[in-house]
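Have a look at the structure below, then the notes.
Keep in mind that what you see is a predicted model, and the values were worked out from it rather than measured. Basis for what follows: all heavy atoms, side chains included, without hydrogens, waters or symmetry-related copies. Count residues from 1 along the sequence.
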Amino acid sequence: MEGVYIIWQGNGPIIKIGQGIVKDRLASHRNDRRITAYDNLYATWASVSAKYRDGIERYLADRLSPRVGDTYPDTNPISVNLPWPFN
């Protein structure tokens, strides 16, 4: 499945927002010490068409201020409903 995902710490901050083949991206983050330095991690994702992913990722990064990652698509944000528990 391809789409956009959010990794967050239970009862804590947003850690990472990204896009792509979700299972592959999440698997690669298991080896990223900037992410695994946090405990009690959760992930949520949504299937998103490639033509909307950049804008949605931009919107989520602007709105949720993840702790890891500082480069997001340079595009107009596309507003989406935030998943629970972020709304």
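Atom CD1 of Ile7 is separated from atom CZ of Arg30 by 9.5 Å, given to the nearest 0.5 angstrom. Atom CG in Leu60 sits 9.0 Å away from atom OG in Ser79 (nearest 0.5 Å). From Arg53, atom CZ reaches atom OG1 of Thr75 across 14.0 Å, with rounding to the nearest 0.5 Å.
Dense packing is recorded around CG of Asp24, with more than 12 heavy atoms of other residues, nucleotides or ligands lying under 6.0 Å away.
Between Tyr42 and Trp8, the ring-plane angle classifies as parallel under the 30° and 60° cut-offs.
With sequence neighbours excluded, no residue forms a ring-ring contact (aromatic ring centres under 6.0 Å, His included) with Tyr52.
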Which donor-acceptor pairs under 3.5 Å do side chains of residues 11-21 form with protein atoms, sequence neighbours excluded?
| residue | atom | partner | partner atom | Å |
| --- | --- | --- | --- | --- |
| Gln19 | NE2 | Asp54 | OD1 | 2.9 |
| Gln19 | NE2 | Glu57 | OE1 | 2.5 |

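Cluster membership for Leu26 and Val68, using ILVMFWY side-chain heavy atoms within less than 4.5 angstrom, is shared. Note: the hydrophobic cluster containing Tyr59 also contains Ile6 (ILVMFWY, side chain heavy atoms under 4.5 Å, direct or indirect links). Placement of Val4 and Met1 in two distinct hydrophobic clusters is found when ILVMFWY residues are connected by side-chain heavy-atom separations under 4.5 Å, directly or transitively. Cluster annotation: Ile78 and Leu64 are assigned to the same hydrophobic cluster (Ile/Leu/Val/Met/Phe/Trp/Tyr, side-chain heavy-atom contacts under 4.5 Å, transitive).
The shortest non-hydrogen separation linking Pro66 to Ala61 is CD-O, 3.6 Å.
Using a 4.5 Å cut-off on side-chain heavy atoms (C-beta onward), Trp45 and Arg25 make no contact. For the pair Thr36 and Asn31, the minimum side-chain heavy-atom distance is 4.5 Å or more.
Proximity of a side-chain donor or acceptor of Arg58 to a complementary backbone N or O of Asn76 within less than 3.5 Å is not detected.
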